[in-house]
Asker: 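This is the structure I want to talk about, given as structure tokens.
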Amino acid sequence: MTSILTSRPELKAALDSVAEVAGYLWQKGWAERNGGNLTLNITEYVDEQMRAMPAICAPKAIGVTLPHLKGCYFYCKGTGKRMRDLARDPMCAGSIVRILDDCATYEIIADNPIVPTSEISSHLAIQDYMIECGSGYKATLHTHPIELVALSHSKEFLDSEHLTQVLWSMIPETLAFAPLGIGVVPYALPSSTELVEPTLKQIRRYDVVLWEKHGTVAVGPDMMEAFDQTDVLNKAANIYMTAKNFGFTAEGMTPEAVQEIRDVFKLPNQR
């Protein structure tokens with residue numbers, strides 16, 4: 001069977017970048033077995049032939065109604081699929097879906113009827129918000145960064161403002177490359193719609209959100225940017241925990257030093 005990526009170099013390049021990120025997640029130990037998931041808005045690459053493609057499965061409910069996604073197309077990692085397999089071939093571990101006119105259901109159009117991630121409701125709700133606010137962001141990435149998840153097991157770090165300040169103070173690059181910081185969502189059952197509203201609330205303020213005792217959700221203009229945001233914040237968490245392992249608490253940069261970085265590099269404090 002011919003893949004939907006054949007003769008569509010721009011779409012293939014976008015999914016090659018997704019595959020590259022999937023490989024990094026596996027290498028870092030952030031994607032055990034089928035852990036983590038991702039979605040990418042690929043509507044800009046859709047041609048008339050793709051729009052005419054018939055569905056290869058019955059319509060499936062999203063779980064919420066998302067009015068800004070009407071007619072949009074997404075690449076989604078499949079439920080139960082491994083990131084290490086996606087890294088080799090994105091179309092063997094994921095599928096392309098089309099949002100139907102009711103904005104509450106989707107159908108799979110290619111390449112195979114691989115059911116999207118069980119957390120698709122959260123992913124698509126975030127995608128809906130990103131279109132609504134005109135952010136230009138296309139990528140949503142959920143993964144399990146070891147050090148950030150470890151910090152979420154301490155009540156001290158379940159406060160978004162406190163966690164952000166600690167991470168910013170570990171190394172100047174954290175503020176430079178993650179200037180909006182990180183939000184925190186209290187524990188909820190994975191894959192449940194209970195995660196949707198709390199996550200959306202945090203995404204309105206932050207580009208990366210930490211789900212307590214679970215993992216992170218990051219957004220960005222592309223998948224690599226969403227990965228980079230997560231990576232730099234987890235590096236800061238790693239520095240903090242390394243100091244703890246050496247028997248002391250990292251001093252961190254002073255608030256004045258952090259503010260100086262923000263001022264000199266004219267960093268944003270909101271999207």
Side-chain angles (χ1 to χ4, degrees), residues 21 23-32 35-36 135 137 139-188 195 198-271:
V21 167
Y24 296 155
L25 299 177
W26 164 247
Q27 292 162 15
K28 283 180 167 290
W30 296 359
E32 70 292 337
S135 70
Y137 285 10
T140 306
L141 171 64
H142 166 55
T143 190
H144 303 155
I146 297 166
E147 288 81 4
L148 284 172
V149 174
L151 289 183
S152 78
H153 284 261
S154 168
K155 286 185 171 55
E156 176 187 356
F157 296 109
L158 296 181
D159 175 84
S160 300
E161 183 66 22
H162 175 64
L163 177 59
T164 291
Q165 294 298 330
V166 169
L167 296 179
W168 277 346
S169 75
M170 289 299 102
I171 186 172
E173 280 75 7
T174 309
L175 176 59
F177 297 119
L180 300 186
I182 186 168
V184 178
V185 168
Y187 180 81
L195 282 169
T199 302
L200 275 176
K201 181 179 179 181
Q202 295 298 313
I203 285 291
R204 291 184 175 95
R205 170 67 182 83
Y206 305 98
D207 282 344
V208 181
V209 175
L210 176 61
W211 285 346
E212 180 187 350
K213 301 180 179 71
H214 183 173
T216 55
V217 177
V219 296
D222 54 50
M223 201 61 68
M224 193 64 71
E225 190 69 26
F227 167 76
D228 285 341
Q229 290 268 329
T230 310
D231 193 30
V232 71
L233 287 162
N234 196 70
K235 175 67 171 290
N238 183 282
I239 292 170
Y240 178 87
M241 295 179 70
T242 299
K244 281 288 191 182
N245 287 338
F246 283 144
F248 66 93
T249 300
E251 182 180 84
M253 294 184 295
T254 65
E256 293 76 17
V258 171
Q259 186 61 47
E260 181 183 29
I261 293 169
R262 185 176 293 282
D263 293 341
V264 169
F265 293 99
K266 299 179 171 58
L267 299 174
N269 54 22
Q270 61 182 5
R271 188 176 301 117

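Residue indices begin at 1 and follow the sequence shown.
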Asker: Is any side-chain heavy atom of M223 closer than 4.5 Å to a side-chain heavy atom of L141?
Answerer: yes
Asker: Looking at M253 and A257, what are the two nearest heavy atoms and their distance?
Answerer: CB-CB, 4.1 Å
Asker: For atom CD of E260, decide whether the heavy atoms of other residues, nucleotides or ligands shown that lie under 6.0 angstrom number more than 12.
Answerer: no
Asker: Does S154 reach the main-chain N or O of L151 with its side chain, forming a donor-acceptor pair under 3.5 Å?
Answerer: no
Asker: Is any side-chain heavy atom of Y24 closer than 4.5 Å to one of M224?
Answerer: yes
Asker: Which heavy atom in G215 sits nearest to a heavy atom in V149, and how many Å separate them?
Answerer: CA-CG2, 3.7 Å
Asker: Among all residues two or more places apart in sequence or in another chain, which pass the salt bridge (Lys or Arg N to Asp or Glu O under 4.0 Å) test with D228?
Answerer: none
Asker: Between R262 and P179, which heavy-atom pair has the shortest distance, and what is it?
Answerer: NH2-O, 3.1 Å
Asker: If you apply the rule side-chain contact (heavy atoms from CB on, under 4.5 Å), what do you find for L180 with R205, and how did you get there?
Answerer: CA-CA 7 Å; L180 300 186; R205 170 67 182 83; 4.1 Å; yes
Asker: Would the number of heavy atoms belonging to other residues, nucleotides or ligands and lying under 6.0 Å from CD of Q270 be above 12?
Answerer: no
Asker: For residues L167 and A237, report the shortest heavy-atom separation together with the two atoms involved.
Answerer: CD2-N, 3.6 Å
Asker: Quick check for you: to the nearest 0.5 Å, what is the distance between L195 atom CG and Y187 atom OH?
Answerer: 8.5 Å
Asker: For E147, give me all partners under side chain to side chain donor-acceptor pair (under 3.5 Å), at least two apart in sequence or on another chain.
Answerer: N234, N238
Asker: Could you give the distance from CD (Q165) to CE (M170), rounded to the nearest 0.5 Å?
Answerer: 11.0 Å
Asker: What is the minimum heavy-atom distance between L163 and L210, and which atoms define it?
Answerer: CD2-CD2, 3.8 Å
Asker: Please work out whether the ring planes of H142 and W211 are parallel, tilted or perpendicular, with thresholds of 30° and 60°.
Answerer: tilted
Asker: For residues L233 and G181, report the shortest heavy-atom separation together with the two atoms involved.
Answerer: CD1-O, 4.1 Å
Asker: Test: salt bridge (charged side-chain N to carboxylate O under 4.0 Å, His left out). Region: residues 157-174. Which pairs qualify, not counting sequence neighbours?
Answerer: none
Asker: Side chains of H214 and H144: does their closest heavy-atom pair fall under 4.5 Å?
Answerer: yes
Asker: So for atom CZ, which belongs to F248, do other residues, nucleotides or ligands contribute more than 12 heavy atoms lying within a distance under 6.0 Å?
Answerer: yes
Asker: How many angstroms lie between atom NZ of K266 and atom CD1 of I261, to the nearest 0.5 angstrom?
Answerer: 14.5 Å
Asker: Supply the atom-to-atom distance F227 CZ to T216 OG1, rounded to the nearest 0.5 angstrom.
Answerer: 10.5 Å
Asker: For K28, check salt bridge (Lys or Arg N to Asp or Glu O under 4.0 Å) against everything at least two apart and list the hits.
Answerer: D231
Asker: Could I get the full list of side chain to side chain donor-acceptor pair (under 3.5 Å) partners for T140, not counting sequence neighbours?
Answerer: Q127
Asker: Among pairs that include at least one residue of residues 207-222, which meet salt bridge (charged side-chain N to carboxylate O under 4.0 Å, His left out), considering only residues two or more places apart or in two chains?
Answerer: D207-R271
Asker: Is a side-chain N or O of T143 found less than 3.5 angstrom from the main chain of W30, in a donor-acceptor match?
Answerer: yes
